[in-house]
Amino acid sequence: MLISLFKRHQHLISAWTITEFEKVGPNLRLQAQVTLGGGSVLFIRQVVLAETMFKYAYHWQSEEGDLICRWDNAPHWPDIPSYPHHKHVVS
């Protein structure tokens, strides 16, 4: 599924690599790195445990390594309406 997404948007992507992929029964662990046309990089991390828990973090940074935006579902902001889903942006 992820590879087909990369192929569909290849006009935006200059390189991509799967850095970790492990599937054991219903559990899945995936890490990928996508370099976009302007040199920024999107780091992808997804974990599925027993088809009941889905953890993710998508970290997008500039070519220089500065954060552009990060989306994740780590449970550290319990008072927001979209809990646990949230994004971090640089102001």
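Along the sequence shown, residues are numbered consecutively beginning with 1. Basis for what follows: all heavy atoms, side chains included, without hydrogens, waters or symmetry-related copies. Computed from a prediction, not measured in an experiment: that's the story for all the values here.
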What I'd like to find out is whether the side chain of [X] reaches to under 4.5 Å of the side chain of [Y], using heavy atoms alone.
X     : Y     : answer
Leu42 : Trp16 : no
Arg45 : Asp72 : no
Val48 : Gln46 : no

What are the two closest non-hydrogen atoms of Arg70 and Ala57, and how far apart are they? NH2-CB, 3.4 Å

Which heavy atom of Gln33 sits nearest to which heavy atom of Val41, and what is that distance? CG-CG1, 3.5 Å

Under 3.5 Å donor-acceptor pairs involving side-chain atoms of residues 18-27, not counting sequence neighbours:
residue	atom	partner	partner atom	Å
Thr19	OG1	Gln31	O	3.2
Lys23	NZ	Gly25	O	2.8
Asn27	OD1	Ala50	N	2.6

Is there a chain of hydrophobic side chains (I, L, V, M, F, W, Y, each step under 4.5 Å between heavy atoms) that links [X] to [Y]?
X     : Y     : answer
Tyr58 : Leu5  : yes
Val47 : Ile44 : no
Leu30 : Ile3  : yes
Val34 : Leu67 : no

Quick one: pull up CD1 in Ile13 and CZ in Phe6 and give me the separation to the nearest 0.5 Å. 6.0 Å

Distance from Cys69 atom SG to His59 atom NE2, nearest 0.5 Å? 10.0 Å

Does Ser14 reach the main-chain N or O of Thr35 with its side chain, forming a donor-acceptor pair under 3.5 Å? yes

Could you go through residues 73-84 and list every donor-acceptor pair under 3.5 Å that involves a side-chain atom there, pairing it with any protein atom two or more places apart or in another chain?
residue	atom	partner	partner atom	Å
Asn73	OD1	Tyr56	N	2.9
Asn73	ND2	Phe54	O	2.7
His76	NE2	His86	NE2	3.1
Ser82	OG	His85	O	2.4

